[in-house]
Amino acid sequence: MKNTKFIVVEGIDGAGKTTICKYIMSLFYYFSIENVIFIHEPGSTPVAEKIRKLIKFSKEEIFSKETELLLIYAARLQLLDNIIRPKINTHWILSDRYDLSSQAYQIGGRGINKKNILFLQNFIKNNIKPNITIYLDINPVISLQRIKTRQKDRIEKESIKFFSKVRNYYLKIAKKDKTIKIVDANQNLQTVKILVKKIITNFIKFSRI
Ligand code: TYD
């Protein structure tokens with residue numbers, strides 16, 4: 001998209017997205033960029049945060065993959081209408097997850113048919129694409145080891161097999177899309193930060209021309 005400054009960080013649970021998003025925020029500060037909006041998905045509006053809780057913590061009854069999908073897109077629509085669309089032309093937007101998560105988790109992980117996602121993207125009129133996506137690629141054996149002491153939510157409780165499918169789908173899409181930068185997140189945090197800094201610094205310099 002022309003002139004927009006929309007950065008997304010992606011990866012399976014335990015890849016280090018939260019730490020890297022905070023690091024990117026510190027880079028914005030370093031470059032004196034103040035008009036930044038930091039969001040996460042699903043969530044970031046009052047209604048979308050309620051939906052996030054349902055997605056992550058519902059355990060009262062059977063929760064189908066179709067329900068999960070519809071809730072995720074309902075949350076994304078709230079975010080698009082209330083934050084992204086109104087701010088995309090005036091602000092830098094940094095998002096912890098976005099539509100690529102739905103492709104990787106719902107198509108790759110859950111086995112939802114791609115045509116249903118295409119329908120929903122169209123239905124919520126999601127024509128806003130990130131300018132750059134940093135995909136933190138990690139072996140699920142390592143990521144699950146990292147989050148093993150965490151109180152796990154409904155999705156984090158999934159198996160290594162599930163996360164392997166999610167990872168493979170991320171990689172499949174990332175290899176075809178030049179706006180997605182694959183960062184090897186199996187390495188130590190310092191090395192990952194150096195790689196991310198290079199990508200973000202280039203993007204900031206390019207965007208300011
Ligand atoms: P996550 O971003 O990992 O939150 P935390 O900061 O607590 O680690 O949690 C969001 C969960 O929702 C994560 O397990 C992935 C899942 N998810 C999907 O399955 N599809 C989506 O489209 C999105 C945005 C998230």
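When a ligand or atom number is given, it counts from 1 through the structure's own listing order.
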Check: According to the interplanar angle, ranging from 0 to 90°, do the rings of Y105 and Y170 count as parallel (below 30°), tilted (30 to 60°) or perpendicular (above 60°)?
Finding: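 If you compare the ring of Y105 with that of Y170, the planes turn out perpendicular.
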Examine ligand 1 and decide if any of its atoms is less than 4.0 Å from a heavy atom belonging to [X].
X    : answer
D13  : yes
K56  : yes
K157 : no

Next item on the list: Give a yes or no answer on whether the side chain of N122 reaches the backbone of I124 with a donor-acceptor pair at less than 3.5 Å.
Entry: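 Not confirmed, N122 side chain does not pair with I124 backbone.
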Notebook entry, point to check: Any donor and acceptor pair, going by atom type alone, linking the side chain of R97 with main-chain N or O of V8 inside 3.5 Å?
Noted result: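 Checked: no pair found.
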[X] and ligand 1 - part of the residue with a heavy-atom distance under 4.0 Å:
X    : value
E41  : both
E156 : side chain
E10  : neither

In terms of residue, atom name and distance, what is the protein heavy atom nearest to [atom]?
atom                    : answer
atom 16 (C) of ligand 1 : I155 CD1, 3.6 Å
atom 23 (C) of ligand 1 : S101 CB, 3.5 Å
atom 20 (N) of ligand 1 : Q106 OE1, 2.7 Å

Next item on the list: Report yes if the distance between the aromatic ring centroids of F123 and Y73 is under 6.0 Å, otherwise no.
Entry: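 No, they do not, as the ring centres are separated by 6.0 Å or more.
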Is it the case that more than 12 heavy atoms not belonging to [X] sit under 6.0 Å from its [atom1] atom?
X    : atom1 : value
K198 : NZ    : no
F31  : CZ    : yes
F63  : CZ    : yes
K152 : NZ    : yes

Quick check: [X] and ligand 1, any N/O pair under 3.5 Å apart?
X    : answer
Y98  : no
D153 : no
R76  : yes
Y105 : no
S102 : yes

Provide the number and element of each atom of ligand 1 under 4.0 Å from a heavy atom of [X].
X    : answer
I72  : 18 (C), 19 (O), 20 (N), 21 (C), 22 (O)
R150 : 8 (O)
K17  : 2 (O), 3 (O)

Next item on the list: Nearest heavy atom to atom 6 (O) of ligand 1 wins, so pick from R52, E68, R97.
Entry: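 Nearest option to atom 6 (O) of ligand 1, by heavy atoms: R52.
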Item checked: Among T4, N131, N35, the one residue meeting side-chain contact (heavy atoms from CB on, under 4.5 Å) with W92 ->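 Passing option: N35.
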Item checked: Check: I72 and R76 side chains under 4.5 Å, non-hydrogen atoms ->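 Of all side-chain heavy-atom pairs linking I72 with R76, at least one is under 4.5 Å.
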Check: Does V47 belong to the same Ile/Leu/Val/Met/Phe/Trp/Tyr cluster as I39, with side-chain heavy atoms less than 4.5 Å apart forming each link?
Finding: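 As far as the 4.5 Å side-chain criterion goes, I39 and V47 are connected within one cluster.
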